[in-house]
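Encoded as structure tokens, the structure appears first; notes follow it.
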Amino acid sequence: MEVCHGLRRTLTKGRRPAGATNRSVDGAGVRGVTTTLRNVVQTVAFGVLVGYATLPTARADEPAPPFKPAISDEAATAISQMGKTLRATDLSVTARTISEYLDEFGQPLHIFHTIKIAARRPNRIAVEFIGDDGRHDLFYDGKAASVFFPDSKKYMTISASGDIPSALDEIADKLGIDFPLGVLFSSSPDEVLLGDAMAARQVGIATIDGVECRHLLFSQKSGIDVELWVEKNEAATPHRLVVTYPLLQGHPSFVAEFTSWNTHPPLSDSEFTFAPPADVKKILTPAVASGTEGSN
């Protein structure tokens, strides 16, 4: 994943309900949400390009000075410390998230999720999503990626390879399932966050669940504003994340609050491999369940 585009691609997914699923895998709602998500990514990119296109063009004999991000020492140090913490080989965490966006009629909606995540770098992750739009589980074991819908007893599997971000991109492209917090499980989450920043600063100190945290604000070149609360210590463990999309109608946002961080969880390889129960049906894509494609 390219550092410059990784944050935009990963965090933009958080703008829609995690997993982009409806209350079940059945019906056209899945495809509609996923299509809208793709349009959001394109809109953000277009908005950034239009913004650059309207700037005055420098004369050929007057090269523009190199751009220097306005990143404060406090923000840079805190994010570097966070990156070291999150680069642990094994990680687990629970996140409670809220996705706010406008529906097709322009009305604001809020979708809540509880997301349980276990990861083993470089190429294993398991995620359980439970929320307003139902439940689904994601597995990636370095060779295959699977998404299981317990409520409808259906699942999808594809071959996948590479590190966690690469596999998550394949899952999003081929299965239409998005994981909005994938940036935290990249090989260098601090570089992804700072690499796209035009400006970053500490705006204050806040206490979250009895823990003193730095409140950081990032303005990204991709047109996204990111607020991050990390512990005010050498670990700089993240406790809260807010992503806002000022270029999009209604300024949609994604909020996550983290609990139960563990950098030494007792994980086994079997936790990342999906073994389908005997009574479940394999499908090709979410559209299969609505009868538009065949299944096997």
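- Taking both residues in full, the closest heavy atoms of Asn123 and Ile164 are given as CA-CG1, 4.1 Å, listed atom of the first, atom of the second, then distance.
- Looking only at side-chain heavy atoms (C-beta outward), Thr237 and Val230 stay at 4.5 Å or farther from each other.
- Taking the side chain as every heavy atom from C-beta outward, Leu241 and Leu181 approach each other to under 4.5 Å.
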Query raised in the report: Yes or no on salt bridge (charged side-chain N to carboxylate O under 4.0 Å, His left out) for Asp196 and Lys221, after CA distance, side-chain angles and deciding distance?
Result: CA-CA 6 Å; Asp196 193 48; Lys221 290 177 282 188; 5.0 Å; no
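- In this structure, His113 and Phe129 have perpendicular ring planes: the angle between them is above 60°, well past the 30° mark.
- Contact of the Leu217 side chain with the Val226 side chain is not registered, since no non-hydrogen atoms from C-beta on lie closer than 4.5 Å.
- Between Phe148 and Tyr155, the distance separating the two ring centers is not shorter than 6.0 angstrom.
- There is no side-chain donor-acceptor pair under 3.5 Å between Ser166 and Asp169.
- In this structure, Lys84 does not pair ionically with Asp190, as no charged nitrogen and carboxylate oxygen lie closer than 4.0 Å.
- Contact detail for Phe139 and Glu271: the closest heavy-atom pair is CD2-O, 3.7 Å.
- For the pair Tyr245/Ile224, a side-chain contact is recorded, criterion being any heavy-atom separation below 4.5 Å from C-beta on.
- Classification of the Trp229-His215 ring pair by plane angle, with boundaries at 30° and 60°, yields parallel.
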Requested in this report: Could you check Leu109 against Glu100 for side chain to side chain contact (heavy atoms under 4.5 Å, CB included), going step by step and ending with a plain yes or no?
Outcome: CA-CA 6 Å; Leu109 292 179; Glu100 181 203 3; over 6 Å; no
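- By the 4.5 Å heavy-atom criterion applied to side chains, Phe254 and Thr244 are not counted as neighbours.
- Contact record, Leu228 with Pro238: CD1-CB, 4.2 Å, taken as the closest heavy-atom pair.
- Linking ILVMFWY residues whenever their side-chain heavy atoms come closer than 4.5 Å, directly or via other members, leaves Val93 and Phe272 in distinct clusters.
- The shortest non-hydrogen separation linking Ser186 to Pro165 is CA-CG, 3.6 Å.
- Closest approach of Leu184 to Pro189, counting heavy atoms only: O-CG, 4.0 Å.
- The shortest heavy-atom contact between Pro246 and Gly223 is CD-O, 3.4 Å.
- A salt bridge is absent between Glu257 and Arg96: the closest approach of a Lys/Arg side-chain nitrogen to an acidic carboxylate oxygen does not fall below 4.0 angstrom.
- Here Asp269 pairs with Arg120 in a salt bridge; the nearest charged N to carboxylate O distance falls below 4.0 Å.
- Side-chain contact between Thr263 and Leu91: present, with at least one pair of heavy atoms (C-beta onward) separated by less than 4.5 Å.
- Taking 4.5 Å as the limit, some side-chain heavy atom of Arg214 sits within range of a side-chain heavy atom of Ile205.
- Between Trp261 and Leu86, some side-chain heavy-atom pair lies under the 4.5 Å cut-off.
- Between Glu128 and Arg135 there is a salt bridge, since a side-chain N of the basic residue sits under 4.0 Å from a carboxylate O of the acidic one.
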